[in-house]
Enquirer: 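Before I ask anything, here is the structure I am working with.
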Amino acid sequence: MKNKTKVNVKNIFIRIGICLFVLLIPFMLFMYGFQAKRYSKLKIEIKALEQKQEKLIEENKKIVNEISILSSADRIEKMAVEELGMHKAQAEDIVRVEMTGEKK
(Lines give C-alpha, C1' and ligand atoms only; values in the text may rest on other atoms or scores of the structure.)
Protein backbone atom coordinates (compact mmCIF):
# COMPACT_ATOMS: atom_id res chain seq x y z
CA MET A 1 0.00 0.00 0.00
CA LYS A 2 2.87 2.35 0.83
CA ASN A 3 4.49 1.80 -2.57
CA LYS A 4 1.23 2.56 -4.34
CA THR A 5 0.85 5.84 -2.40
CA LYS A 6 4.41 6.85 -3.25
CA VAL A 7 3.77 6.11 -6.94
CA ASN A 8 0.52 8.14 -6.89
CA VAL A 9 2.24 11.11 -5.20
CA LYS A 10 5.09 10.89 -7.70
CA ASN A 11 2.63 10.77 -10.62
CA ILE A 12 0.77 13.78 -9.20
CA PHE A 13 4.01 15.80 -8.99
CA ILE A 14 4.95 14.78 -12.54
CA ARG A 15 1.51 15.86 -13.85
CA ILE A 16 1.71 19.16 -11.98
CA GLY A 17 5.19 19.73 -13.46
CA ILE A 18 3.95 18.99 -16.98
CA CYS A 19 0.94 21.31 -16.50
CA LEU A 20 3.19 24.11 -15.24
CA PHE A 21 5.52 23.62 -18.20
CA VAL A 22 2.59 23.70 -20.64
CA LEU A 23 1.26 26.90 -19.03
CA LEU A 24 4.73 28.43 -18.96
CA ILE A 25 5.19 28.27 -22.75
CA PRO A 26 2.33 30.69 -23.65
CA PHE A 27 3.39 32.97 -20.81
CA MET A 28 6.96 33.09 -22.15
CA LEU A 29 5.67 33.80 -25.67
CA PHE A 30 3.52 36.62 -24.32
CA MET A 31 6.48 38.08 -22.42
CA TYR A 32 8.66 37.87 -25.53
CA GLY A 33 6.04 39.80 -27.53
CA PHE A 34 5.70 42.37 -24.76
CA GLN A 35 9.46 42.91 -24.57
CA ALA A 36 9.73 43.16 -28.37
CA LYS A 37 7.05 45.87 -28.41
CA ARG A 38 8.73 47.72 -25.55
CA TYR A 39 12.12 47.48 -27.28
CA SER A 40 10.63 48.90 -30.47
CA LYS A 41 9.11 51.86 -28.63
CA LEU A 42 12.39 52.58 -26.83
CA LYS A 43 14.31 52.41 -30.10
CA ILE A 44 11.97 55.00 -31.66
CA GLU A 45 12.29 57.21 -28.57
CA ILE A 46 16.10 57.00 -28.68
CA LYS A 47 16.13 58.00 -32.35
CA ALA A 48 13.90 61.01 -31.61
CA LEU A 49 16.13 62.05 -28.70
CA GLU A 50 19.25 61.74 -30.85
CA GLN A 51 17.67 63.97 -33.51
CA LYS A 52 16.69 66.50 -30.86
CA GLN A 53 20.24 66.41 -29.46
CA GLU A 54 21.71 67.07 -32.92
CA LYS A 55 19.34 70.00 -33.39
CA LEU A 56 20.28 71.45 -29.98
CA ILE A 57 23.98 71.06 -30.73
CA GLU A 58 23.57 72.97 -33.99
CA GLU A 59 21.58 75.72 -32.25
CA ASN A 60 24.27 75.91 -29.56
CA LYS A 61 26.99 76.29 -32.21
CA LYS A 62 25.05 79.15 -33.82
CA ILE A 63 24.57 80.89 -30.46
CA VAL A 64 28.27 80.54 -29.56
CA ASN A 65 29.16 82.00 -32.95
CA GLU A 66 26.76 84.91 -32.41
CA ILE A 67 28.24 85.55 -28.96
CA SER A 68 31.76 85.68 -30.36
CA ILE A 69 30.64 88.12 -33.08
CA LEU A 70 28.69 90.33 -30.67
CA SER A 71 31.44 90.43 -28.06
CA SER A 72 34.31 91.27 -30.42
CA ALA A 73 36.36 94.29 -29.36
CA ASP A 74 36.09 95.94 -32.79
CA ARG A 75 32.30 95.77 -32.77
CA ILE A 76 32.06 97.13 -29.22
CA GLU A 77 34.43 100.00 -30.04
CA LYS A 78 32.46 100.85 -33.20
CA MET A 79 29.17 100.93 -31.24
CA ALA A 80 30.72 103.05 -28.50
CA VAL A 81 31.99 105.61 -31.02
CA GLU A 82 29.07 105.68 -33.47
CA GLU A 83 26.04 105.10 -31.28
CA LEU A 84 27.12 106.41 -27.89
CA GLY A 85 29.48 109.19 -29.00
CA MET A 86 32.34 107.87 -26.88
CA HIS A 87 36.04 108.11 -27.66
CA LYS A 88 39.22 106.49 -26.43
CA ALA A 89 40.63 108.14 -23.35
CA GLN A 90 43.83 110.11 -23.80
CA ALA A 91 46.61 110.02 -21.22
CA GLU A 92 45.61 113.46 -19.91
CA ASP A 93 41.98 112.29 -19.46
CA ILE A 94 42.94 109.59 -16.96
CA VAL A 95 42.83 110.56 -13.30
CA ARG A 96 44.24 108.30 -10.61
CA VAL A 97 42.86 108.41 -7.11
CA GLU A 98 44.79 106.95 -4.21
CA MET A 99 43.15 106.34 -0.91
CA THR A 100 45.05 106.10 2.30
CA GLY A 101 43.82 105.58 5.80
CA GLU A 102 42.06 102.93 7.77
CA LYS A 103 38.66 101.46 7.17
CA LYS A 104 36.24 102.01 10.01
Side-chain angles (χ1 to χ4, degrees):
M1 184 86 167
K2 251 183 172 180
N3 277 343
K4 199 171 191 181
T5 307
K6 283 184 179 181
V7 171
N8 283 341
V9 171
K10 188 175 181 181
N11 284 338
I12 290 173
F13 280 121
I14 290 172
R15 288 180 189 215
I16 289 173
I18 291 171
C19 289
L20 288 175
F21 183 73
V22 169
L23 292 175
L24 188 63
I25 292 172
F27 177 74
M28 294 299 286
L29 291 173
F30 170 77
M31 290 304 294
Y32 176 77
F34 177 74
Q35 289 290 12
K37 185 176 179 181
R38 187 170 172 230
Y39 175 78
S40 178
K41 283 183 181 180
L42 289 174
K43 197 172 181 180
I44 292 169
E45 186 178 344
I46 288 171
K47 187 168 182 143
L49 289 172
E50 286 174 345
Q51 290 173 346
K52 185 177 180 180
Q53 181 183 27
E54 288 176 16
K55 181 181 174 186
L56 290 173
I57 289 171
E58 287 302 316
E59 285 179 23
N60 193 34
K61 286 179 184 177
K62 288 178 185 177
I63 290 171
V64 168
N65 189 31
E66 288 176 15
I67 288 172
S68 66
I69 290 170
L70 292 174
S71 63
S72 71
D74 293 338
R75 181 184 170 281
I76 293 172
E77 182 180 352
K78 182 180 177 185
M79 285 183 66
V81 171
E82 292 177 2
E83 295 179 21
L84 301 174
M86 300 173 94
H87 65 280
K88 283 190 175 182
Q90 302 297 321
E92 61 270 4
D93 295 335
I94 298 173
V95 179
R96 292 187 179 232
V97 177
E98 288 188 33
M99 297 183 69
T100 57
E102 295 181 16
K103 287 187 176 181
K104 291 184 182 182

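In this chain, residues are counted from 1 in sequence order.
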Enquirer: Is it possible for you to say whether Leu29 and Phe21 belong to one hydrophobic cluster, with membership spreading through side-chain heavy-atom contacts below 4.5 Å?
Expert: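 In one cluster with Leu29: Phe21, yes.
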
Enquirer: Aromatic rings Phe30 and Phe34: how do their planes relate, parallel, tilted or perpendicular, breaks at 30° and 60°?
Expert: parallel

Enquirer: What is the distance from atom CG of Asn60 to atom CD of Gln53, rounded to the nearest 0.5 Å?
Expert: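 Reported value, rounded in 0.5 Å steps: 11.5 Å.
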
Enquirer: Side-chain heavy atoms nearer than 4.5 Å, only ILVMFWY residues, links allowed to pass through others: does that put Leu56 and Leu49 together?
Expert: no

Enquirer: Does any part of the side chain of Lys78, heavy atoms only, come nearer than 4.5 Å to the side chain of Arg75, both counted from C-beta?
Expert: no

Enquirer: What distance do Met86 atom CE and Ile76 atom CD1 have between them, rounded to the nearest 0.5 Å?
Expert: 11.5 Å

Enquirer: With rounding to the nearest 0.5 Å, note down the distance linking CD in Glu45 to NZ in Lys47.
Expert: 14.5 Å

Enquirer: Please check if the number of heavy atoms outside Glu98 that lie under 6.0 Å from its CD is greater than 12.
Expert: no

Enquirer: Going from NE2 on His87 to CD on Glu77, what distance comes out if it is rounded to the nearest 0.5 angstrom?
Expert: 12.0 Å

Enquirer: So among Ile14, Ile18, Leu20, which one has a side-chain contact (heavy atoms from CB on, under 4.5 Å) with Ile16?
Expert: Leu20

Enquirer: Which of these, Lys52, Glu59, Gln51, sits in a side-chain contact (heavy atoms from CB on, under 4.5 Å) with Lys55?
Expert: Glu59

